[in-house]
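As the structure is a prediction and not an experimental result, all values here were calculated from the model. Numbered from 1 within each chain, the chains take letters A, B, ... in sequence-line order.
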Protein chains: 2
Amino acid sequence: MEEQKKRILLVEDDPNFGTVLKDYLMMNDYEVTHAKNGMEGFEKFKKDDFDLCILDVMMPYKDGFTLAKEIRDKNTDVPIIFLTAKTMKEDVLRGYKVGADDYLNKPFDSEVLLMKIKAIIQRKATETISDSKQFEFKIGSFDLNSKLRFLRFKGGDPLKLSPKENELLRLLALHENDLMPRELALTKIWRDDNYFTSRSMDVYIAKLRKYLKPDEKVEILNIHGEGFRLVVNS
Amino acid sequence: MEEQKKRILLVEDDPNFGTVLKDYLMMNDYEVTHAKNGMEGFEKFKKDDFDLCILDVMMPYKDGFTLAKEIRDKNTDVPIIFLTAKTMKEDVLRGYKVGADDYLNKPFDSEVLLMKIKAIIQRKATETISDSKQFEFKIGSFDLNSKLRFLRFKGGDPLKLSPKENELLRLLALHENDLMPRELALTKIWRDDNYFTSRSMDVYIAKLRKYLKPDEKVEILNIHGEGFRLVVNS
DNA sequence: CTTCCCTTTTAACCTTACATTAACAAAAAT
DNA sequence: ATTTTTGTTAATGTAAGGTTAAAAGGGAAG
């Protein structure tokens with residue numbers, strides 16, 4: 001059963017150690033983004049959604065704590081694990097202060113790290129209850145519930161949407177009446193922008209158009225070379 | 001306002017170390033129950049509600065893991081911290097398997113322990129908001145008593161549920177009409193998310209559907225790749 | 001220790017759901 | 001005019017879920 005891979009942001013300045021760790025994590029089915037310093041780490045963090053951050057404490061320019069604090073300011077929820085050089089009590093305490101979820105002393109056992117990662121990610125998974133209103137949209141006379149993945153026309157029987165259909169329609173709805181760039185959907189939903197994913201997206205646009213036909217006020221327009229626009233005519 | 005003191009169950013066979021640790025925790029405003037071995041630990045656990053369990057791994061008669069497993073069977077939520085004699089990888093891994101939240105190697109720094117305790121208790125506190133003591137549910141014309149593990153249809157003869165059936169139905173009921181993520185059930189009930197546990201869960205879903213058949217208004221819907229939804233149609 | 005019963009997991013087989021790719025048509029851009 | 005982009009439908013391959021049955025565990029009682 002292919003689960004969605006969990007995404008990890010790894011910030012580690014030692015290139016050897018960083019690469020080894022990255023490879024190890026990737027071998028264990030995580031999608032890893034490796035940043036070589038605090039600056040880069042923060043940039044990458046802002047660009048993407050991660051399920052976990054692993055931060056080295058000792059780094060030039062911007063140490064792990066400072067980075068963690070910045071990350072916490074943007075997002076109070078991502079779990080953070082610190083890698084500390086050795087048992088430095090101050091480090092550990094400071095880490096917890098900025099809201100770390102755990103720490104590991106180098107050198108550490110890789111299997112233990114894996115277990116911690118698993119435990120932490122699972123923990124977060126159970127916490128995530130519901131931010132309901134993020135997931136409900138009105139599109140003309142349709143109701144889209146993108147958490148339960150259905151589309152209902154005027155209180156009729158809900159039409160089940162596939163994950164991709166759902167995500168795409170949701171993105172369009174988020175940009176209602178505005179341009180939803182092709183590239184955006186491809187990078188956010190397909191996580192890759194190439195000929196095939198692009199054609200795949202077109203197929204999904206066709207499906208959505210079919211679903212939305214019952215309300216002739218709602219249409220998905222193409223903006224050649226740019227993307228699509230979900231419009232609701234009054 | 002006087003905060004309710006957090007209750008800790010400390011199971012540690014070394015009388016000296018145990019007493020010192022207990023005193024230290026009490027000095028830091030925790031209410032501590034100290035059990036000298038696994039048996040006693042379990043007895044005390046059953047008698048009271050605790051916010052956290054700290055278990056020594058190495059104990060005569062009943063080691064920390066066995067105890068943890070018993071505790072987990074009774075309560076899937078209490079955080080557990082293990083104290084391991086030294087960095088024994090096997091211990092650590094085994095600990096996580098039975099659902100530990102963390103572990104500490106002896107000798108450890110007491111301040112670090114305090115931080116961990118604080119972090120863990122806080123974590124649970126944010127998780128456990130409304131989800132407190134919900135053990136009785138109305139599901140269409142069924143009554144589920146998940147404390148006694150039975151399901152009754154319109155006041156008829158109660159059907160006895162197995163532990164897993166019960167837990168699963170309870171989770172579904174807690175999320176009635178909403179998505180109950182697969183991952184949630186697997187991590188909370190099966191404590192592991194892999195192909196086999198996932199298939200096992202499907203088997204249980206089939207069983208529950210059979211049990212719920214008498215009321216055709218009640219159904220368990222699948223949301224492909226996400227989880228299940230217990231719906232009660234009006 | 002063995003047997004029995006209850007629970008859970010594993011296996012097997014089948015159905016449904018999804019995403020991708022191909023193929024061809026139509027628009028739009030150059 | 002012809003190259004690129006988009007529209008649409010259908011075919012294909014794979015993964016997830018439904019269901020039943022058999023195997024494996026585990027605890028209590030004999």
Side-chain angles (χ1 to χ4, degrees), chain A residues 1-5 29 146 148-151 158-169 172 179-183 185-186 188-213 219-230, chain B residues 42 62 66 69-70 72-74 76 97 146 149-151 159-169 172 179-183 185-186 188-213 219-230:
Chain A
M1 193 186 73
E2 175 64 33
E3 289 252 345
Q4 178 63 38
K5 280 189 187 173
D29 273 331
S146 80
L148 301 178
R149 287 207 333 241
F150 66 69
L151 181 67
L159 172 63
K160 298 219 281 181
L161 298 179
S162 87
K164 287 254 152 74
E165 292 164 357
N166 176 57
E167 282 294 288
L168 186 55
L169 185 51
L172 286 164
L179 170 68
M180 193 284 288
R182 219 188 167 77
E183 205 203 333
L186 290 175
K188 280 239 164 198
I189 302 177
W190 275 265
R191 303 207 144 276
D192 189 12
D193 181 347
N194 62 45
Y195 172 76
F196 291 108
T197 52
S198 192
R199 289 328 325 276
S200 191
M201 172 172 168
D202 289 330
V203 171
Y204 278 92
I205 290 288
K207 291 184 191 198
L208 290 182
R209 284 190 174 127
K210 201 176 290 178
Y211 296 160
L212 295 173
K213 225 160 215 163
E219 40 186 350
I220 299 176
L221 303 181
N222 174 254
I223 299 175
H224 201 90
E226 300 288 332
F228 295 90
R229 201 155 81 91
L230 174 67
Chain B
F42 192 51
K62 186 184 285 182
T66 315
K69 211 160 166 306
E70 292 176 351
R72 273 275 167 275
D73 282 348
K74 281 234 139 252
T76 49
K97 269 231 172 75
S146 73
R149 300 214 317 255
F150 63 59
L151 180 67
L159 173 63
K160 184 92 180 126
L161 298 178
S162 86
K164 286 251 153 73
E165 292 164 354
N166 176 58
E167 281 292 289
L168 185 55
L169 186 51
L172 285 165
L179 170 67
M180 194 285 286
R182 231 190 155 73
E183 217 195 333
L186 291 175
K188 277 221 157 195
I189 303 177
W190 276 265
R191 313 218 131 262
D192 190 13
D193 181 346
N194 62 44
Y195 173 77
F196 291 108
T197 52
S198 193
R199 288 331 320 278
S200 190
M201 172 173 170
D202 289 332
V203 171
Y204 277 92
I205 290 288
K207 292 184 191 199
L208 291 181
R209 284 192 174 127
K210 205 173 288 175
Y211 296 160
L212 295 174
K213 223 162 217 163
E219 42 185 350
I220 298 177
L221 303 182
N222 174 253
I223 299 178
H224 200 93
E226 298 287 334
F228 294 91
R229 197 155 82 95
L230 175 67

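- Taking atom CD of residue B:Glu167 and atom C1' of nucleotide C:dT7, one finds them 14 Å apart after rounding to whole Å.
- Using a 4.0 Å heavy-atom criterion, one finds that A:Tyr195 contacts no nucleic acid atom at all.
- Taking only side-chain nitrogens and oxygens, B:Arg209 comes nearer than 4.0 Å to OP1 or OP2 of D:dG18.
- Comparing D:dA16, C:dT8, D:dG18 against the side chain of B:Lys164 picks out C:dT8 as the nearest.
- Looking at B:Arg182, its side chain has no donor and acceptor atom pair within 3.5 Å of the base of D:dG17.
- For the salt bridge (Lys or Arg N to Asp or Glu O under 4.0 Å) condition, the pairs that include at least one residue of residues 191-203 of chain A, sequence neighbours left out, are A:Asp48-A:Arg191, A:Arg182-A:Asp202, A:Arg199-A:Asp202.
- Using a 4.0 Å cut-off, some side-chain N or O of A:Trp190 falls inside it from OP1 or OP2 of C:dT20.
- Over its full length, the helix from C:dC1-D:dG30 to C:dT30-D:dA1 turns its helical axis through 40°, comparing axes from the five pairs at each end and rounding to 10°.
- Nearest approach of B:Ile223 to B:Leu179, heavy atoms of both residues: CD1-CD1, 3.9 Å.
- At a threshold of 4.0 angstrom between heavy atoms, the contacts of B:Lys207 include nucleobase atoms, whether or not backbone atoms are also involved.
- For A:Ser162, the listed nucleotide lying nearest its side chain is C:dA19; candidates were C:dT7, C:dA19, C:dT9.
- With sequence neighbours excluded, the residues that form a ring pair (Phe, Tyr, Trp, His ring centres under 6.0 Å) with B:Tyr204 are B:Trp190.
- In this structure, B:Asn222 reaches the sugar-phosphate backbone alone: every heavy-atom distance under 4.0 Å involves primed, P, OP1 or OP2 atoms, never a base.
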